[in-house]
Amino acid sequence: MRPVPSILHLDMDAFYASAEQASKPSLRGKAVIVGGLGPRGVVATASYEARVFGVHSAMSTAQARRLCPHAAYLTPRFSLYRQVSEVVMQMLRELSPLVEPLSLDEAFVDLAAGPAPPASAAEARATGERLRAALLEATTLTASVGLAASKMLAKTASEQAKPDGLVVIEPGTERELLAPMPVRALPGVGPATAEQLRRSGIHTVAEAAEAGEAELVRLLGKAHGTSVHALATGQDDRPVVAEREGKSISVEDTFDVDLHDRTRVRAEVVRLAGRCVDRLRAAGRSGRTVVLKVRRYDFSTLTRSETLRGPTDDPAVVREAAVRLLDGVDTTGGVRLLGVGVSGLADFTQEDLFAQAGPAGTGPVTAAGSREAGGEEAGTRPDPSGAAPGAVGAPGGPGAGERKWRPGQDVRHGVYGAGWVQGSGLGRVTVRFEQPWSAPGRVRTLRGDDPLLEPADPPPLVRPAGGQPPGPVARPVPPPLSGPPPEPPTGPGEPRPAAGGPSSPSSSPSGSSASSP
DNA sequence: TCTGGGGTCCTAGGACCC
DNA sequence: TCTGGGGTCCTAGGACCC
C-alpha cells in the first residue's frame with residue numbers, strides 16, 4: 001500500500017438537485033427533488049433541504065410528495081448534467097491522466113500518476129482543496145473529496161466529507177478507522193450480504209475481519225468472500241483505471257399502467273430495440289447477444305437472451321431477435337416493464353462483418369448496412385417530447401408525445417426570454433423566466449399552445465464570457481399575463497387561437513407542477 | 001399511488017469439445 | 001456398461017452500485 005494518500009475520490013454533492021438549483025435561481029435554498037414524476041417514478045436525487053424531511057434517493061416519488069409536498073419536483077435534464085460532468089472530468093484530468101469516472105458525478109483520480117504527485121498527506125490535502133475551489137468556480141457546484149491510499153478508503157473519506165468537505169485518511173490509520181463501521185460501509189456489501197453476515201453475528205467491519213477469510217468464503221462464496229475479507233482488513237490494491245470500455249448497452253421503460261395487450265407489448269419491444277440500436281450505433285459499437293427483459297405485474301423479472309453468430313448493429317436483426325425472445329415469454333397478468341439490451345460488444349470493423357457472414361449456420365445473419373456517421377448521440381438528442389413511455393393511453397405511435405411541457409424543462413419565449421417550466425396542465429403552462437446568472441425570476445402562466453413558446457437547450461451554469469445580455473430584463477416587456485395561475489390566460493401579444501385549440505387532455509390529467517407555493 | 005434506468009460482476013447448470 | 005476431467009460458451013438469475 002502506498003505511503004501517501006494519493007488516491008482521490010470526488011463526489012459532487014446532491015449532483016442533479018444542485019445542478020438544478022444552480023440553474024434556477026428561484027430554487028436555491030429550497031427543497032428540490034429530481035426524479036421520475038409519473039405514478040411509478042422514483043427519486044434520483046434530493047437536495048439537502050429536502051433530505052431534512054426524510055426524502056432520499058430511490059424512494060418512490062409518491063412517498064416523497066407525502067413527506068415533502070412543498071418541494072419542487074423536476075424531471076432530470078441529463079444534457080445539463082453531462083455538460084457539467086464533462087467540465088468536472090476535464091479538471092480532474094489536469095491532476096492526472098488516471099481518472100476513472102464511476103458516474104456523471106463521481107470519479108477516482110490517481111494523483112501519483114499525475115504531473116505533481118503529492119509527497120505527503122498535507123500536499124494531497126492542498127491539492128484536494130484547490131480542486132474543490134476550482135470546481136466551485138467553474139461550475140458553481142460544491143464537491144466532496146476523499147483522499148487515502150486506496151480506492152475504498154478514498155471513497156469512505158469522501159462519504160465522511162459530505163457535504164462540501166474534504167477528508168484525508170492517513171496511511172496507517174485505516175484499520176482502526178474501519179473497525180467500528182457497519183459492514184454495509186464496505187463496497188459490495190448490500191442489503192442481502194449484510195443480512196447474510198448479520199445472521200452469523202457479523203455486524204461491523206471488525207467482526208468481519210475477525211471472522212477470517214475462510215469463514216467469509218463459506219458464507220458468501222469464493223469471489224465475494226475473498227473480497228469482503230480483503231476490504232474489511234483494509235487491503236485494497238485495485239488500481240485506478242481510465243477509460244474502461246462498456247460491455248453492454250440497454251434501454252428499458254416502466255409503464256405508468258401495466259400492459260396487457262400482446263400487440264402493444266410487441267410494439268413496445270420493437271420500439272425499445274430501435275432505441276437500443278440507436279445508442280449502440282451512436283457509440284460506434286456492435287453487439288452479439290440480444291437480451292429481452294420483462295418485469296411482470298407482480299414485479300417478478302425475467303430475462304431471455306439470444307447470441308447471434310456475429311456482432312451486429314442492424315436494427316432489423318436486433319428487433320427480430322427481441323421479438324423472437326418475447327414469443328417465449330408468458331405475459332398474461334400484465335407487463336410493468338420492458339427492456340432490450342445488447343452485450344458482447346465489439347468495435348464494428350470490417351473483419352467483424354466477414355466473421356459474421358462466415359460459415360453456414362442457422363443464426364440470423366445480415367450484413368449491417370453502411371453506418372451513417374452522422375452521430376445522433378442518443379443521450380444528447382434534444383428529445384423535447386420526452387413522452388413518458390407509459391403516458392396513459394398514448395398509442396405508442398411515433399409522434400405520441402402529448403406531454404409537451406415537463407416540469408423543469410428549459411424553454412424560450414419570443415417575448416419573455418429564457419425560462420423553465422414550473423408546471424403544466426389543463427392546457428396551460430406555468431413558466432418561470434430566469435437564468436442561472438439572473439436574479440430569481442417571476443412566474444407567468446401561458447397557454448400550453450402559445451406559439452412564442454418553444455423548448456430550449458439548458459443554459460450553461462456559468463455565464464458565458466461576453467455573452468448576450470440577460471434577455472428577459474433588458475428589453476421592454478409587455479405586461480405579464482398573470483401572477484398566480486388564474487383564468488385561462490390570454491396574453492396581449494398572443495394570437496387568440498381558434499375555439500378550443502388542442503388542449504391535449506392526455507397530458508397528465510392531474511396536471512403536474514414543479515413546486516406548489 | 002410501494003419499488004427508475006443504466007450499468008457491472010458473480011454463480012451455476014448444461015452443452016460441447018478434447 | 002454406469003459414468004473422468006478439464007475448459008469454454010451460453011443462458012438465467014441475482015447482488016450491487018450510482
Side-chain angles (χ1 to χ4, degrees), chain A residues 9-12 14-16 33-45 56-67 75-76 78 81-82 85 100-107 151-152 155 158-159 183-184 186-197 217 220-228 238 241 244-258 272 275-276 279 283 288-309 325 328-329 336-345 363 378-379 388-390 392 510:
Chain A
H9 181 258
L10 174 90
D11 202 331
M12 306 294 290
F15 183 50
Y16 299 173
I33 291 165
V34 181
L37 302 189
R40 289 171 169 176
V42 301
V43 174
T45 311
H56 57 82
S57 301
M59 169 182 284
S60 82
T61 304
Q63 193 185 352
R65 284 190 196 275
R66 271 177 253 126
L67 294 172
T75 54
F78 286 103
Y81 312 148
R82 258 192 297 272
S85 182
E100 180 177 337
L102 301 177
S103 64
L104 287 178
D105 76 317
E106 219 181 292
K151 279 184 165 184
M152 172 182 59
K155 191 165 160 92
S158 72
E159 199 62 39
V183 284
R184 276 301 306 265
L186 300 174
V189 177
T193 306
E195 175 59 21
Q196 264 290 107
L197 295 172
V217 167
L220 307 176
K222 178 94 173 114
H224 204 193
T226 310
S227 118
V228 168
R238 295 171 299 164
V241 280
R244 295 194 315 219
E245 288 242 293
K247 302 193 165 170
S248 68
I249 287 177
S250 65
V251 297
E252 62 187 52
D253 276 342
T254 292
F255 304 98
D256 285 356
V257 173
D258 290 350
L272 288 162
R275 271 168 55 194
C276 184
R279 298 241 330 260
R288 198 157 88 90
T289 301
V290 178
V291 185
L292 175 74
K293 176 173 172 180
V294 179
R295 175 117 77 212
R296 289 190 270 226
Y297 66 99
D298 62 355
F299 217 73
S300 64
T301 307
L302 58 82
T303 62
R304 292 290 178 269
S305 66
E306 177 181 313
T307 299
L308 310 172
R309 283 194 307 133
L325 291 166
V329 176
R336 180 190 179 94
L337 167 150
L338 290 170
V340 173
V342 174
S343 63
L345 298 192
V392 189
S510 51

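Naming convention: chains lettered A, B, ... in sequence-line order (proteins, then strands); numbering from 1 in each chain. Computed from a predicted structure; not experimentally measured. What's counted below: heavy atoms across the whole structure, side chains too, no hydrogens, waters or symmetry copies.
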Using a 4.0 Å heavy-atom cut-off, does [X] contact any base of the nucleic acid, only the sugar-phosphate backbone, or nothing at all?
{"X": "A/R288", "result": "sugar-phosphate"}
{"X": "A/R66", "result": "base"}
{"X": "A/V189", "result": "sugar-phosphate"}
{"X": "A/G246", "result": "sugar-phosphate"}
{"X": "A/G36", "result": "nothing"}
{"X": "A/E106", "result": "sugar-phosphate"}
{"X": "A/I249", "result": "sugar-phosphate"}

Gap between atoms [atom1] and [atom2], on [X] and [N] respectively (whole Å):
{"X": "A/L220", "N": "C/dG14", "atom1": "CG", "atom2": "P", "value": "18 Å"}
{"X": "A/R184", "N": "C/dA15", "atom1": "CZ", "atom2": "P", "value": "13 Å"}
{"X": "A/L197", "N": "C/dA15", "atom1": "CG", "atom2": "P", "value": "14 Å"}
{"X": "A/L67", "N": "B/dT1", "atom1": "CG", "atom2": "C1'", "value": "14 Å"}
{"X": "A/D253", "N": "B/dG6", "atom1": "CG", "atom2": "P", "value": "7 Å"}
{"X": "A/L104", "N": "B/dG7", "atom1": "CG", "atom2": "P", "value": "12 Å"}
{"X": "A/H56", "N": "B/dG4", "atom1": "NE2", "atom2": "P", "value": "14 Å"}
{"X": "A/F78", "N": "C/dC18", "atom1": "CZ", "atom2": "C1'", "value": "11 Å"}

Closest approach to the side chain of [X], judged atom by atom: which nucleotide of [options] is it?
{"X": "A/A62", "options": "C/dA12, B/dT1, B/dG6", "result": "B/dT1"}
{"X": "A/S103", "options": "C/dC18, C/dC16, B/dT3", "result": "C/dC18"}
{"X": "A/P39", "options": "B/dT1, B/dG5, B/dT8", "result": "B/dT1"}
{"X": "A/V251", "options": "C/dT11, B/dG6, C/dC18", "result": "B/dG6"}
{"X": "A/P191", "options": "C/dA12, C/dC18, C/dC16", "result": "C/dC16"}

B/dG14 and C/dG4, which share atom name P, separated by this distance in whole Å: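 Going atom to atom, P in each nucleotide, I get 15 Å.
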Euclidean distance for P, C/dC18 against B/dT3 (whole angstrom):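 After rounding to an integer number of Å, I get 23 Å for this pair.
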Between [X] and [N], is there a contact of a side-chain N or O with OP1 or OP2 at under 4.0 Å?
{"X": "A/T303", "N": "C/dT11", "result": "no"}
{"X": "A/T254", "N": "B/dG5", "result": "yes"}
{"X": "A/S250", "N": "B/dG7", "result": "yes"}
{"X": "A/S60", "N": "B/dG4", "result": "no"}
{"X": "A/K247", "N": "B/dC9", "result": "yes"}
{"X": "A/R295", "N": "B/dT3", "result": "no"}
{"X": "A/T307", "N": "C/dT11", "result": "yes"}
{"X": "A/T61", "N": "B/dG4", "result": "no"}
{"X": "A/R336", "N": "B/dG4", "result": "yes"}
{"X": "A/K155", "N": "C/dC18", "result": "yes"}

Nearest-nucleotide 5' precedence on DNA chain B, A/E245 against A/A223: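 It is A/E245, whose closest nucleotide lies nearer the 5' terminus.
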Which residue lies more 5' along DNA chain B, comparing A/F299 with A/K293 via nearest heavy atoms: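 Per heavy-atom nearest nucleotide, the more 5' residue is A/F299.
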Test item: side-chain donor near acceptor, A/T307 and A/R288, under 3.5 Å: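 Absent: no donor and acceptor within the cut-off.
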Smallest separation among heavy atoms of A/K222 and A/V217, with atom names: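 Shortest heavy-atom contact: CA-CG1, 3.9 Å.
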Atom of A/D11, atom of A/S158 and distance for their closest heavy-atom approach: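 Closest pair (atom of A/D11, atom of A/S158, distance): CB-OG, 4.3 Å.
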Does the [X] side chain pair with the main chain of [Y], one donor and one acceptor, at a distance under 3.5 Å?
{"X": "A/S57", "Y": "A/A44", "answer": "yes"}
{"X": "A/R184", "Y": "A/V189", "answer": "yes"}
{"X": "A/S227", "Y": "A/G225", "answer": "no"}
{"X": "A/R336", "Y": "A/T254", "answer": "no"}

From A/L220 atom CG to A/T226 atom OG1, the distance as rounded to the nearest 0.5 Å: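 Those atoms lie 9.5 Å apart.
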Nearest-0.5 Å distance that lies between atom CG in A/D258 and atom CZ in A/R40: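 Going from CG on A/D258 over to CZ on A/R40, the span is 4.5 Å.
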Secondary-structure stems, DNA chain B, at least 3 Watson-Crick or G-U base pairs under 3.5 Å: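 Only these stems qualify: B:5-18 with C:5-18.
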Lys/Arg-Asp/Glu bridge criterion (N-O < 4.0 Å) met for A/K151, A/E100: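 Here A/K151 pairs with A/E100 in a salt bridge, since their nearest N and O are under 4.0 Å apart.
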